[in-house]
Visitor: 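The structure's right below; bear with me while I get my questions together.
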Amino acid sequence: MKPVALSALLALTPLAAACEDETLTGYAPGVYQLEEIDGERFEWGATLDLTEPGRISGQAPCNGYSADQAAPYPWFKPGPIVSTRRACLHLNGEAAFFKALGEVTLAEASGPVLILSNEAGREMVFRRAE
């Protein structure tokens, strides 16, 4: 009986491995604070929440947002971004944030730093919030 139980357990091991999150949320879970876009300090404040598998969410300068993000790491490709629609004094910063977020295609996670970039040189630098 024991060999049968062991065989059954070993058969399930690949299935468990296949269920792991291969997206950015699986490699760099946490909430990140945006520090800069294209080398310029981002003064308006924005976050990127990577705590829900296969999704991104967070707070832009004015509005909360979320989107699916199912591309396997190191690729980054959010689906349509849904956000609230509050007006505020930082709408220009919010537009810059969403524009950059929609243009980056690669992710690099190293310790508390997360860099989203693309081949054209666009870059967003985030740091894990404490």
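The figures that follow rest on heavy atoms only: side chains count, while hydrogens, waters and symmetry mates do not.
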Visitor: Are the side chain of Thr23 and the backbone of Ala71 linked by a donor-acceptor contact shorter than 3.5 Å?
Guide: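 Side chain of Thr23 to backbone of Ala71: no pair is present.
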
Visitor: Could I get the full list of salt bridge (Lys or Arg N to Asp or Glu O under 4.0 Å) partners for Glu103, not counting sequence neighbours?
Guide: Lys99, Arg122

Visitor: Grab the two heavy atoms, one from Ala67 and one from Gly79, that are nearest each other, plus how far apart they are.
Guide: CB-O, 3.7 Å

Visitor: Would you list the pairs meeting disulfide bond (SG atoms under 2.5 Å apart) in which at least one residue belongs to residues 73-130, sequence neighbours left out?
Guide: Cys62-Cys88

Visitor: Identify, with sequence neighbours excluded, every residue that meets side chain to side chain contact (heavy atoms under 4.5 Å, CB included) alongside Thr105.
Guide: Asn118

Visitor: To the nearest 0.5 Å, what is the distance between CZ on Arg86 and CD on Glu94?
Guide: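 The distance works out to 8.5 Å.
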
Visitor: If I take atom CD from residue Glu43 and atom CD from residue Glu36, how far apart are they, to the nearest 0.5 angstrom?
Guide: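 Output value for this atom pair is 11.0 Å.
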
Visitor: Can you tell me if Glu123 uses its side chain to pair, donor with acceptor, with the backbone of Gly39 under 3.5 Å?
Guide: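 Judged by distance alone, no pair lies under 3.5 Å.
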
Visitor: Mind checking side chain to side chain contact (heavy atoms under 4.5 Å, CB included) for Pro53 and listing every partner two or more places apart, or none if nothing turns up?
Guide: Asp21, Thr25

Visitor: Test of understanding: with side chain to side chain contact (heavy atoms under 4.5 Å, CB included), list the residues that count as partners of Pro112, not counting sequence neighbours.
Guide: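 Result, side chain to side chain contact (heavy atoms under 4.5 Å, CB included) vs Pro112: Arg127, Arg128.
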
Visitor: For Val82, what are the other residues in its hydrophobic cluster, where any two members join if their side-chain heavy atoms are less than 4.5 angstrom apart?
Guide: none

Visitor: Can you tell me which residue pairs pass the salt bridge (charged side-chain N to carboxylate O under 4.0 Å, His left out) test with a partner in residues 60-83, sequence neighbours excluded?
Guide: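 Output for this query lists Arg55-Asp68.
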
Visitor: Test question: given the 4.5 Å side-chain rule for I, L, V, M, F, W and Y, name all other residues clustered with Leu50, or answer none.
Guide: Leu24, Tyr27, Tyr32, Leu34, Ile37, Phe42, Trp44, Leu48, Ile56, Tyr65, Tyr73, Phe76, Ile81, Phe97, Phe98, Leu101, Val104, Leu114, Leu116, Met124, Phe126

Visitor: With Arg85, which residues qualify under side chain to side chain contact (heavy atoms under 4.5 Å, CB included), at least two apart?
Guide: none

Visitor: Establish, from distance only, whether the side-chain atoms of Thr84 and Asn63 form a donor-acceptor pair under 3.5 Å.
Guide: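 Checked: Thr84/Asn63 side chains pair up, N/O donor to acceptor below 3.5 Å.
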
Visitor: Considering only Ile, Leu, Val, Met, Phe, Trp and Tyr, and joining two whenever side-chain heavy atoms are under 4.5 Å apart, list the other residues clustered with Leu106.
Guide: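 Traced through the cluster, Leu106 reaches Trp75.
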
Visitor: Through direct or indirect side-chain contacts below 4.5 angstrom among Ile, Leu, Val, Met, Phe, Trp and Tyr, which residues connect to Leu91?
Guide: none

Visitor: For residues 91-130, which residue pairs qualify under disulfide bond (SG atoms under 2.5 Å apart), counting only residues two or more places apart or in two chains?
Guide: none

